[in-house]
Peer 1: 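Sharing a structure, written as structure tokens. Questions coming.
Only a predicted model underlies this, so the values are computations on that prediction, with no experimental measurement involved.
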Amino acid sequence: MLKTMKWVGATGAAIFAALPAFAQEAAEAAAEGAAAATAAVADGPIKAPTVEQMAGMVDKGDTTWTLISSALVLLMSIPALALFYGGLVRTKNMLSLLMQVFMIVSVAALVWVSYGYSLAFTSGGPFIGGFSKAFLAGVDATTLAATFSNNVYIPEYAFVVFQMTFACITPALIVGAFAERIKFTPLIIFTVLWLTFAYFPIAHMVWYWAGPDFLPDAPTDYGLLWGMGALDFAGGTVVHINAGIAGLVGCLIVGKRIGYGKEATPPHSLTMTMIGASLLWVGWFGFNAGSNLEANGLAALAFINTFVATAAAAVAWCIIEQFHHGKPSLLGAVTGAVAGLVAITPASGFAAPMTSILLGFAASAVCYLFVAVVKNKLKYDDTLDVFGVHGIGGIVGAIGTGIVADPALGGQGFFDYTVFPAVPGTYDMAAQVITQIKAVGITVVWTGVVSAVLFYALKFTLGLRPSEEAEREGLDLSEHGERAYNY
């Protein structure tokens, strides 16, 4: 026994004595790798870097900002959007609205990691990717994703989770268009199908490309709208027009609420709506500034543009209300703010602060026209103005991006990634606006057709609406057997 203890003690002592040597060797190897990467970068950008070279091109600040932005975008869905929408419906439907948003986020997250990420962000064709990364195959803590700068990368998991939050909030936006009159189960089925056939293809068309270090050698590896040169910094087409048009189609096919235009349907809690809108504003900084994927000056630009465009839109809405109705309202202020957030989304990383203010003013005025005038004239029941704010605001912002991005107006222009390293491209405002209009048109037609097919298919199979009795009782009890308030 004594001999054994002596042997163990001697072996342990030898191991502990060797640890500093091993640690020193590991440190020296890491230092050599970092030095090699630094030296290579010092000699100039590396075209099509290897995985080992990419590992030396990751900055912890970029990674941190992307992860924080992901949390901020999740905040936009739950609790922000849930409270914003929930406060606008009647008391008897508050809980159902919260449940719809909460479960759409949950389901969309699972769909995203199962096959959505792969369809949106892998090579395939101009319209959709493939299944090479289904169930996150080949993605781990060592794989990397490109940013918009040569030789700058972030962990692929960070990119996956950031884009996942966009896929979660977009279908949740749609439910506001037919709030208070939709059955829960068909809505969840619609969410899965709509993500598959509308969101993932449009996300691929707008945002997929080979990356700045690889595109020169793979000149056709991009989505349709990216290849056309359409500018969409954070989701004017992918998120807002996509959701807004789907909402319009949905509210037309589902039909009007019982008593629409005859019975009063005031918001049950503008306090909650204001809290939700404020949280949306805070979360939107992750949405827009996070879309830069790097913690640098462009992220700061997107941040300030998001701030001032929103402020301008809120002020504009209140001024218009003052002239139109004789007094400004809180509901108008928060609606204007959301319209400004929507409009600046595609332009946030391209515009200058002063032109962002003008875009916010313009979007607020156009959205007000659709919410307060056009909807009443055409008598469609877009309950929470999803089309009027997100659809129209997204269209104004997407087309306006072609104007405010012009360097002659202080904009950032665009980079030509077909050469290495990337260089600023020659900006033609008229041509860019035409490209933006084409991108808007393709998005409207794609999501409009897909949404109509899905809504009609569910309408004639499972049914979309609850019975008249259930709708009058409220969806809280009829769909979920509980109330938001028990007093």
Side-chain angles (χ1 to χ4, degrees), residues 104 108 116 119-120 126-128 166-167 169-179 181-182 186-187 189-207 223-226 228 230 232 235-256 339 342-343 345-346 363 366-367 369-371 374-375 377-399 401 434-461 464-465:
I104 284 174
L119 288 179
F127 299 99
I128 195 69
F166 282 63
I169 193 173
T170 306
L173 292 171
I174 299 172
V175 302
F178 38 79
R181 61 192 191 279
I182 191 79
L187 174 63
I189 294 172
F190 170 81
T191 296
V192 175
L193 296 175
W194 187 84
L195 282 169
T196 304
F197 296 107
Y199 183 84
F200 301 151
I202 292 177
H204 179 84
M205 284 189 268
V206 175
W207 284 334
L224 176 69
L225 298 183
W226 177 277
M228 287 171 50
D232 187 351
T237 51
V238 180
V239 176
H240 298 294
I241 298 175
N242 207 0
I245 297 300
L248 176 63
V249 172
C251 79
L252 293 174
I253 294 174
V254 172
K256 301 174 184 178
V342 169
T345 292
V366 178
C367 289
L369 176 66
F370 274 81
V371 169
V374 174
K375 185 173 78 167
K377 291 284 187 182
L378 299 181
K379 300 186 184 305
Y380 57 88
D381 187 10
D382 180 3
T383 312
L384 307 182
D385 296 311
V386 175
F387 172 68
V389 174
H390 294 276
I392 297 301
I395 290 171
V396 172
I399 296 174
T401 298
I434 291 172
T435 298
Q436 299 298 108
I437 293 172
K438 290 179 180 177
V440 167
I442 291 171
T443 303
V444 168
V445 172
W446 186 286
T447 191
V449 171
V450 168
S451 300
V453 170
L454 295 180
F455 276 122
Y456 273 122
L458 288 168
K459 180 177 182 177
F460 295 122
T461 53
L464 291 171
R465 290 188 73 146

Peer 1: Checking the side chain of Trp207 only, and the main-chain atoms of Gly235 only, is there a donor and an acceptor separated by less than 3.5 Å?
Peer 2: no
Peer 1: Rounded to the nearest 0.5 Å, what separation is found between the CD1 atom of Ile241 and the CD1 atom of Ile399?
Peer 2: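 That separation rounds to 7.5 Å.
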Peer 1: If you measure from OH on Tyr456 to OG on Ser451, what distance do you get to the nearest 0.5 Å?
Peer 2: 12.0 Å
Peer 1: Is it the case that over 12 heavy atoms from other parts of the model lie below 6.0 angstrom from the CZ atom of Phe197?
Peer 2: no
Peer 1: Is the closest side-chain heavy-atom distance between Met205 and Phe127 below 4.5 Å?
Peer 2: yes
Peer 1: Would you compute the distance between atom CG of Leu173 and atom CG of Asn242 and round it to the nearest 0.5 angstrom?
Peer 2: 10.0 Å
Peer 1: Hey, can you tell me if Tyr199 and Trp194 have their rings parallel, tilted or perpendicular (30° and 60° cut-offs)?
Peer 2: tilted
Peer 1: Return the minimal non-hydrogen interatomic distance between His204 and Leu119, and the atom names on each side.
Peer 2: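 Looking at all heavy atoms of both residues, the shortest contact is ND1-O, 3.6 Å.
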Peer 1: Would you mind reporting whether Asp381 and Val254 have side-chain heavy atoms less than 4.5 Å apart?
Peer 2: no
Peer 1: Would you check if Val206 and Trp226 make a side-chain contact, meaning some heavy-atom pair closer than 4.5 Å?
Peer 2: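 They are not in contact (no side-chain heavy atoms under 4.5 Å apart), so the answer is no.
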Peer 1: Could you pull out the closest heavy-atom pair between Pro201 and Thr196, with the gap in Å?
Peer 2: CD-O, 3.4 Å
Peer 1: Determine the minimum heavy-atom distance between Met228 and Ala439, stating which atoms define it.
Peer 2: CE-N, 4.5 Å
Peer 1: Would you please indicate yes or no on a ring centroid separation below 6.0 angstrom for Phe455 and Phe178?
Peer 2: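 For Phe178 and Phe455, the ring centres are under 6.0 Å apart.
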Peer 1: Measure the CD1-CG distance between Ile253 and Leu248 for me, rounded to the nearest 0.5 Å.
Peer 2: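 Going from CD1 on Ile253 over to CG on Leu248, the span is 9.5 Å.
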Peer 1: If every non-hydrogen atom of Pro346 is compared with every non-hydrogen atom of Ala398, which pair is closest and at what distance?
Peer 2: CG-N, 3.6 Å
Peer 1: Between Ile182 and Leu464, is any pair of side-chain heavy atoms under 4.5 Å apart?
Peer 2: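 Yes, side chains in contact.
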Peer 1: Answer yes or no: is there a side-chain heavy-atom contact under 4.5 Å between Pro171 and Leu195?
Peer 2: yes
Peer 1: Would you compute the distance between atom CD1 of Ile189 and atom OG1 of Thr461 and round it to the nearest 0.5 angstrom?
Peer 2: 7.5 Å
Peer 1: Would you say that Lys375 contacts Phe370 through its side chain, given a criterion of any heavy-atom pair below 4.5 Å between the two side chains?
Peer 2: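 SC-SC contact between Lys375 and Phe370 ruled out.
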Peer 1: Nearest 0.5 angstrom please: Thr443 OG1 to Leu225 CG, how far?
Peer 2: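 The CG atom of Leu225 is 5.5 Å from OG1 of Thr443, to the nearest 0.5 Å.
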Peer 1: I want to check something: taking the side chain as every heavy atom from C-beta on, are Thr170 and Val238 in contact at a cut-off of under 4.5 Å?
Peer 2: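 No, side chains not in contact.
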Peer 1: Looking only at heavy atoms, which two atoms of Ala363 and Ala339 are closest? And how far apart?
Peer 2: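 Distance-wise, the nearest heavy atoms are CB-O, 4.2 Å.
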Peer 1: Compare every heavy atom of Asp382 with every heavy atom of Gly388, then report the nearest pair and how far apart it is.
Peer 2: N-OD2, 3.5 Å
Peer 1: Compare all side-chain heavy atoms of Val371 with those of Val389 and state whether any distance is below 4.5 angstrom.
Peer 2: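 Contact flag for Val371/Val389 side chains = yes.
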